Amino acid sequence: MAYVGNQNVEFVRTGYGKNAVKVMFIKRQGRHHYLIELNANVEITLKSRKDYLTGDNSDIIPTDTIKNTVHALAKIKGVNTIEQFSLDLCHHFLTSFNHVLRAKVYMEEAPWKRLNKNGVEHAHAFIYSPEACRFCDVEQNLGGTPVVHSGVKDMKVLKTTQSGFEGFLRDRFTTLQETKDRVFCTTVYSRWRYNKVQDVDFDAVEEIEIVMPNQHYFTIDMTKMGLNNKDEVFLPLDSPSGNITGTVCRKQRARL
Amino acid sequence: MQAEWEELARRNWLEESDSQQKPIPPSVSPGYYFSTTNPFRDQPNAFIEGQEKARQGDLNAAVLLLEAAILQDPNDAEAWQMLGTTQAENENEQAAIASLQRCLELRPNNLQALMALAVSFTNSGLLREACDALRRWIRHNHRYRHLVQDSRGPTSPLQDVLLLFQEAALLNVDGVDPDLQTGLGVLYNLSSEFDKAVEAFSAALSVRPQDYLLWNRLGATLANGNRSQEAVEAYSRALELQPGFIRSRYNLGISCINLGAHREAVSNFLTALNQQRRSQSCSQQQMSANIWAALRIAISMMDRPELFQAANMGDLDLLMAAFQVGDL
């Protein structure tokens, strides 16, 4: 296919890869077994755009190969943490080829917990405990240092009392009643960035982003049925939900 | 749930999964990380040249030359000391601490190294270690060592050593000892008595008005005491005296952020990073991570997502072009 140049359109960003590559890695140390199961999205950006423009595939690393690479690197390098494995994957794609400009990996870890009886941990039995989902994303440009974010999501928590909401602004569209006591439920999403330096720097967490929806539970009005529901029976309402976000970082101190 | 939190706290992706040890605190640092490529590795007179480069304000070149001098003679305490103070000026605190500690292993009574180490510990929030270094400073100082007693009753380490320094200051009826005043200034920073710290550094400056390190310390004290406008004036004095003083330019940027002058803050950080990079074609690893972190914060307050992305990925050229920061 002949390529006709277009002066009005240009590339902003390109990238391609494989999503949802699943791998489980087991390390056996005698009778004690370690387990990590992960789900990875891998994306790379190539130097040339000829695959987009002319259909020339000669530079393309197939996404099937990307999938195979995830499998193979799990075997070759092992998997300790999702962060380290993500770093290994980025490093591989940037150094094994000379035409990859950028690598991005997003990885989630399956919440396997070692079975525990009376404080004694089982050597090789686990239970899936989805209290929270650990994830990370690593992005690295060719010749650059990797940027690592880690996080926790889908951690649903609830309290049945000692939460209130009052003293808010009222305008002509406000119908919400103030309350001193209510059920409060949220699902925590938190993501933080590591300030990776060469030396060991245990103050490595630089910035933390937290997003928490307010998942509402409404007391069901039963007066029309002649019942007095004293905040005992609630209707869980998925949507709409309030959404609260905040990002914090260390207060920058001046240095003597 | 408790186990989940403990699990999260223990996870440190820098470590092997087997070692569940706590992270190593900087006061027991693993040692100094030398630059991987050093064009001055076999340079003769590396120490003298390093000193000269530091004097000229080319801190990155000074660091490389001093590293070369140390590689040639690992027991050169003076080189370790100079490397430590230069790295601090170059806004690389961990490297400074490692160097100064190594110097003190070789020369435990080196007063300048002890004071510089106390400053670095203070900056790192390590109160106990800073007090310890200052106590050692007094103990090794001929003029004041007699003041040191072992048991002082149930006071805190900070109060103990502060009392020592205050007693020492009272001995100087005729004049001001600028080094003692520096120690006092550091201690008042630790106790958050910023006004007293300002007095101490100002007293030191009355004896050494050309000392750009003191001007920066005064500025930082003012800044941490929320006197940002005055801090800017102090930093400007320091930078007039030594335009290559990276730490002071970093501090100036921080004060700009506090004053809401985000563009100026970014400009200062970019200038500092450019000075570091330009010095000896160093890689990203040799630019100060603190400055990059502060730059990200300043840009994040400007609502320019594409620039924030560039800052995230360390694209200095793009940012310099966007903010029209040229070569000095």
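Within every chain, numbering begins at 1; the chains are lettered A, B, ... in the order of the sequence lines, protein sequences first and strands thereafter. Reckoned from all heavy atoms, side chains included, excluding hydrogens, waters and symmetry mates. What you see is a predicted model; the values in this text were computed from it and never measured.
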Is chain B contacted by the side chain of E139(A), its backbone, both, or neither, given a heavy-atom distance below 4.5 Å?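 For E139(A), heavy atoms of backbone and side chain both lie under 4.5 Å from chain B.
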Would you mind checking which part of N251(B) comes under 4.5 Å of any heavy atom in chain A, side chain (CB onward), backbone (N, CA, C, O), both or neither?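 When you check distances to chain A, only side chain atoms of N251(B) fall under 4.5 Å.
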Please classify the contact between T122(B) and chain A as side chain, backbone, both or neither, with a heavy-atom cut-off of under 4.5 Å. side chain
If you count every heavy atom of other residues, nucleotides or ligands that lies below 6.0 Å from [X] atom [atom1], does the total exceed 12?
X: D303(B); atom1: CG; result: no
X: E306(B); atom1: CD; result: yes
X: H91(A); atom1: NE2; result: no
X: K77(A); atom1: NZ; result: no
X: Q112(B); atom1: CD; result: no

Quick one about N216(B) and R255(A) (side-chain donor to acceptor, distance below 3.5 Å, no hydrogens or angles considered), yes or no?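 No, no side-chain donor-acceptor pair sits under 3.5 Å.
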Minimum heavy-atom separation for L256(A) to V119(B), with atom names? O-CG1, 3.4 Å
Taking every non-hydrogen pair under 4.5 Å, which of A223(B), A220(B), S255(B) racks up the most with chain A? A220(B)
Validation row: R296(B), E207(A) side chains within 4.5 angstrom (heavy atoms):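 In short, these two side chains do not touch, never coming nearer than 4.5 Å.
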For a 4.5 angstrom cut-off between non-hydrogen side-chain atoms, does N312(B) reach R193(A)? yes
Applying side chain to side chain contact (heavy atoms under 4.5 Å, CB included) to R253(A) and N123(B), what does each step give before you reach the verdict? CA-CA 8 Å; R253(A) 278 182 68 93; N123(B) 287 334; over 6 Å; no
